[in-house]
S.K.: 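Below are the structure tokens for one structure; questions will follow.
Note that the coordinates shown come from a computational prediction; the quantities given were computed from them, not determined experimentally. Below, chain A is the first sequence line, B the second, and so on; all start at residue 1.
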Amino acid sequence: MRIRRRRRLIRAARKSFELRRIRNNTSAIRPRDVLLVATMRNECVRLPFFLKYYRDHGVSHFLIIDNGSSDDTVSYLSDQPDVSLWSTQAGYKASHFGIDWVNWLCRRYAHGHWTVVVDPDEFLVYPFCDTRPIPALTDWLDSSGIRSFSAMLLDVYPKGPINQHVYRAGDNPLDVSSWFDPGNYSIKRNWEYGNLWIQGGPRARIFFADRPEQAPALNKIPLVKWHRKYVYVSSTHMLLPRGLNQVYDEWGGEKASGVLLHAKFLNTFGDKAREELERGQHYAGSAEYRAYAEQGAQELWCKWSEKYINWRQLEILGLMSKGNWA
Amino acid sequence: MTVGIIMLVHTALDRAAQVAQHWTAAGCPVVLHVDTKVSKPRYDAFVETLSSDPLIRFSRRHHCEWGTWSIVAASQSAAERMLAEFDQVLHVYLTSGSCLPLRPVQELVDYLAARPRTDFIESATTADVPWTVGGLDHERFTLRFPFSWKRHRYLFDKWVDVQRRFGLKRAIPHGLVPHMGSQWWCLTRQTISAILQDPDRDMHDRYFRRVWIPDESYYQTLARKYSVNIESRSLTLSKFDHQGKPHVFYDDHLQLLRRSDCFVARKIWPRADRLYRAFLTDADTAMNRTEPNPGKIDRIFAKAVERRTRGRAGLYMQSRFPRLGHENGITSNPYSMFQGFAELFEDFEPWLTRATGTRVHGHLFAPDRAEFAGNQTLNNGALTDSARLRDYAAESFLTNFLWNTRGERQCFQFGPGDNQQVNWLIARDPNAQVSVISGAWAVPLFRANLDFTEVRQEAARLQRIESEHLAILRSAHAKARIRIWTMAEFIEAPMEPLQEIVDEIGSVHSRRLAEVPKMADLDGFGRFLQNLKNQGMHPYLMGDFPVDQTPPQLRKPPRKPYLVR
């Protein structure tokens with residue numbers, strides 16, 4: 001495992017040559033700041049709300065990798081004082097779906113910082129997120145001696161066809177995409193890396209019902225007190241060293257955890273699926289996008305879907321937990 | 001006549017300064033101890049901001065580490081300074097930099113002035129306290145602890161083991177009875193000076209220097225020696241979790257803290273602006289008082305600890321995935337599984353729904369789909385009836401199914417033709433009520449119009465599966481409420497077992513059963529079994545059926561359902 005980790009680190013260093021620095025504001029990072037690292041492509045329309053959401057929750061600096069966007073992503077981001085921006089035209093797939101670049105930026109800039117690693121369509125919900133900022137959580141995690149915080153990916157979708165509502169920059173995607181599957185998640189343990197393997201939700205229910213083993217993994221560990229020796233192994237699903245994947249209690253108790261609301265299914269989704277399918281740069285031969293494209297714009301909503309209200313609702317449903325944070 | 005405040009500070013100096021000024025504004029002198037971990041420039045700047053205040057002093061600095069003597073040493077120097085410099089101080093109150101006064105300072109002063117001889121210090125003998133970290137209570141006083149618990153945990157534990165093994169002990173000084181309690185106390189001038197000016201102080205200090213967590217026992221023990229009137233409770237509200245780590249208060253605790261009956265709360269998140277704004281106002285503008293309700297605070301934090309240590313029964317999620325045997329409840333609520341009933345009785349499901357008012361599903365683990373009640377394709381929680389998805393993680397499917405329907409009892413059918421992956425989980429689960437009529441799977445085969453070799457093969461397969469299942473249900477590890485009848489046994493007297501099962505489900509109408517389900521026509525079943533035997537397959541799970549005669553009751557002409565009263 002140590003060798004695997006080292007190899008990842010070397011690989012990240014090698015892949016770092018693909019990154020071109022557009023704007024570096026990292027000198028503004030203060031010692032206790034919470035950072036956010038993201039990789040994106042053509043997500044300009046989502047950015048205003050994305051940045052606002054995380055700024056409001058206490059993220060101080062954004063480290064963003066632009067993977068060959070053709071829209072205004074680069075120009076929009078380089079105007080933001082709290083964003084440092086890198087750009088690359090290299091293949092997303094060849095860099096382990098961006099994770100090599102992320103590993104490099106984390107190693108270079110996030111050592112000793114609590115770091116959020118998310119996609120622009122993922123919104124972190126954690127216990128008390130309506131009244132306490134992320135630094136309150138990270139201070140508590142620090143004092144409890146916890147290094148990583150789990151937040152399961154929860155797909156949210158609109159009621160009615162996906163392309164029914166037009167999303168405009170700055171809108172809260174959760175206003176429209178506010179439904180989710182409350183209780184159809186299967187869990188397996190990955191003995192090799194010590195993490196849990198969670199699958200289910202609307203994507204498994206509709207797109208992968210006949211091949212559930214290929215359904216996307218929903219377990220994520222997006223918040224880590226980074227150390228330069230750490231690496232993400234497969235997206236943000238698991239890390240090395242393996243102790244960081246131990247975000248669940250095995251003796252009957254509940255550790256604190258959150259949820260990443262995954263607002264992927266906006267009206268922009270169809271075009272995205274087509275484009276990504278052509279590029280073939282996504283996981284497992286873009287099987288996910290192929291499934292969407294083949295089955296067309298289906299309605300994900302069903303009569304047992306729940307409408308998202310707040311974190312307390314997710315807690316009651318058992319999708320996340322306060323643990324002993326009160 | 002006033003109260004002197006000692007503050008032990010190591011982080012969030014700006015907040016500490018704010019609180020110190022709040023105390024002095026009300027006339028209470030403050031002595032600050034700043035940990036040597038705080039760098040010199042920061043310390044100097046901190047002293048500078050407070051130096052203009054005549055009621056503020058700084059004591060000699062120590063390097064404080066949790067669980068060690070240094071914290072006591074820090075409070076001793078600060079207390080000495082307090083006694084020496086402020087004659088008007090009658091009570092000394094020990095606080096930390098992250099404490100926040102919850103009530104106007106004058107109320108505290110008045111309260112203490114009315115009790116001039118009372119020491120407020122939580123102090124209990126070691127036998128009586130449940131909160132001990134590391135499993136050490138009395139041994140805190142009789143072993144030696146040269147290694148740091150935080151930095152050298154391994155050595156710490158090993159050294160404790162060695163001392164236990166060889167019975168190494170140190171004597172407790174004569175005249176001291178070990179007591180422990182919250183480290184945040186409020187002592188009278190008399191008591192604290194008696195402790196600090198004791199001719200034996202050197203001896204006491206030498207002893208406690210090697211006691212584990214002396215800040216929870218030094219003053220607590222010595223106060224018992226000198227105090228005339230101990231009120232064994234802390235005026236500081238502080239709650240601890242299962243690791244002995246204090247709970248932190250945030251902005252959203254404002255209403256809760258207002259209902260506390262304590263004078264000071266610990267610890268406050270340094271960036272809880274709203275709390276600091278609300279409580280650090282002068283008495284006139286202080287918020288209107290609400291009736292104290294400290295029980296509510298206790299409940300919230302006790303529940304948080306319970307959630308962390310016990311969790312919610314039957315929940316499997318990203319941060320709770322118990323190992324085998326540590327589930328604290330394998331499933332979330334009671335349910336019933338019926339094997340063979342739907343085969344033996346033609347209208348069992350609707351009958352059971354009527355008789356118990358529960359939700360009755362078909363074969364949830366059937367090979368083609370999960371047969372949810374009412375032929376639904378989706379069930380609570382957006383669980384689908386897809387067999388592929390279900391079989392991919394059958395145990396998750398069942399635990400999800402039960403978690404999603406908590407509060408409503410679920411019944412479902414099961415049989416040897418179904419997916420058998422959940423057998424162990426159900427057998428181990430005390431929430432499960434399992435009723436099996438063994439061999440009843442033969443009834444559909446008997447009635448199906450199939451080629452007899454096929455029937456024979458299928459019967460052999462089902463019998464093998466069911467007997468494996470029965471072995472699980474009869475194993476010593478099975479914790480479910482399990483009832484097994486052979487088919488022959490059951491049809492002898494079907495009413496009694498049915499009544500028993502329905503009573504146990506405890507439904508709305510707990511009277512005698514008003515109707516019985518209609519049993520399938522078993523004419524010729526004995527002959528059918530004999531044919532199987534003749535083909536070399538030995539059906540045994542259904543019990544003994546005579547060859548050419550149907551079981552006794554069934555020979556009567558079928559009658560319409562009757563009432564049993």
S.K.: With side chains defined as the heavy atoms from C-beta onward, is the minimum distance between A/S321 and B/R320 less than 4.5 Å?
M.R.: no

S.K.: Among A/K188, A/K322, A/E306, who wins on heavy-atom pairs under 4.5 Å with chain B?
M.R.: A/K188

S.K.: Given that the side chain runs from C-beta out, which part of A/D139 has a heavy atom under 4.5 Å from chain B: side chain, backbone, both or neither?
M.R.: side chain

S.K.: Is it the backbone or the side chain of A/F128 that comes under 4.5 Å from a heavy atom of chain B, or both, or neither?
M.R.: side chain

S.K.: How close do A/P133 and B/W269 get, heavy atom to heavy atom, and via which atoms?
M.R.: CG-CH2, 3.7 Å

S.K.: Looking only at non-hydrogen atoms, find the nearest pair between A/P212 and B/R388 and report the distance.
M.R.: CG-O, 3.6 Å

S.K.: Sort B/N380 into side chain, backbone, both or neither according to what part of it lies under 4.5 angstrom from a heavy atom of chain A.
M.R.: both

S.K.: For atom NZ of B/K296, decide whether the heavy atoms of other residues, nucleotides or ligands shown that lie under 6.0 angstrom number more than 12.
M.R.: no

S.K.: Could you give the distance from CG (A/D210) to OG (B/S386), rounded to the nearest 0.5 Å?
M.R.: 8.0 Å

S.K.: Which heavy atom of A/G252 sits nearest a heavy atom of B/P322, and at what distance?
M.R.: N-CB, 4.0 Å

S.K.: Taking all heavy atoms of A/E250 and all of B/H326, pick out the closest pair and write down the distance.
M.R.: O-CB, 3.9 Å

S.K.: May I ask you to check whether over 12 heavy atoms, not counting those of A/R32, lie within 6.0 Å of atom CZ?
M.R.: no

S.K.: Can you say whether the rings of A/W325 and B/Y250 are parallel (under 30°), tilted (30 to 60°) or perpendicular (over 60°)?
M.R.: perpendicular

S.K.: Of the listed residues (A/W304, A/W251, A/Y248, A/F180), which shares the most heavy-atom pairs with chain B below a 4.5 Å separation?
M.R.: A/W304

S.K.: Backbone N or O of A/G183 within a donor-acceptor pair of the B/N404 side chain at under 3.5 Å?
M.R.: yes

S.K.: Quick check for you: to the nearest 0.5 Å, what is the distance between B/M317 atom CE and A/E254 atom CD?
M.R.: 5.5 Å

S.K.: Hey, does the side chain of B/W403 reach the backbone of A/L317 with a donor-acceptor pair shorter than 3.5 angstrom?
M.R.: yes

S.K.: For chain B, find which of A/E213, A/M320, A/Q246 contributes the most heavy-atom pairs closer than 4.5 angstrom.
M.R.: A/E213

S.K.: Counting heavy-atom pairs under 4.5 Å with chain B, which one of A/G200, A/A151, A/P202 comes out on top?
M.R.: A/A151

S.K.: With a 4.5 Å cut-off on heavy-atom pairs, point out which of A/A136, A/S144, A/P182 contacts chain B the most.
M.R.: A/A136

S.K.: Quick one: of A/S257, A/G201, A/S143, who has the most non-hydrogen atom pairs under 4.5 Å with chain B?
M.R.: A/S257

S.K.: Looking only at heavy atoms and a cut-off of under 4.5 Å, which of B/K239, B/R271, B/R274 has the most pairs with chain A?
M.R.: B/R271

S.K.: Does atom NZ (B/K303) have a neighbourhood of more than 12 heavy atoms from anything else shown, all under 6.0 Å?
M.R.: no

S.K.: Taking every non-hydrogen pair under 4.5 Å, which of B/F397, B/Y392, B/F401, B/F249 racks up the most with chain A?
M.R.: B/Y392

S.K.: Tell me the closest heavy-atom pair linking B/R406 and A/I316, and the distance in Å.
M.R.: NH2-O, 3.0 Å

S.K.: Rounded to the nearest 0.5 Å, what separates atom CZ in A/R132 from atom CG in B/D252?
M.R.: 4.0 Å

S.K.: Check B/I300 against A/A326 and note the closest heavy-atom contact, atom names and distance.
M.R.: CG2-CB, 4.1 Å

S.K.: If we ignore hydrogens and angles and just use 3.5 Å, is the side chain of B/S396 paired with the main-chain N or O of A/I187 as donor and acceptor?
M.R.: yes

S.K.: Flag the one option from B/H253, B/E306, B/E395, B/H247 with the top tally of heavy-atom pairs under 4.5 Å to chain A.
M.R.: B/H253

S.K.: Quick check for you: among B/T399, B/L315, B/N328, B/T384, which has the greatest number of heavy-atom pairs under 4.5 Å with chain A?
M.R.: B/L315

S.K.: Given a strict heavy-atom distance threshold of 4.5 Å, which part of A/Q199 is in contact with chain B: side chain, backbone, both, or neither?
M.R.: side chain

S.K.: With side chains defined as the heavy atoms from C-beta onward, is the minimum distance between A/K255 and B/F321 less than 4.5 Å?
M.R.: no

S.K.: Between B/Q318 and A/L319, is there a donor-acceptor pair closer than 3.5 Å when you use the side chain of the first and the backbone of the second?
M.R.: yes

S.K.: Distance-only, no hydrogens or angles: does the A/N184 side chain make a donor-acceptor pair with backbone N or O of B/N400 under 3.5 Å?
M.R.: no

S.K.: Relative to chain A, which of B/T309, B/N379, B/D391 shows the most heavy atom pairs under 4.5 Å?
M.R.: B/N379

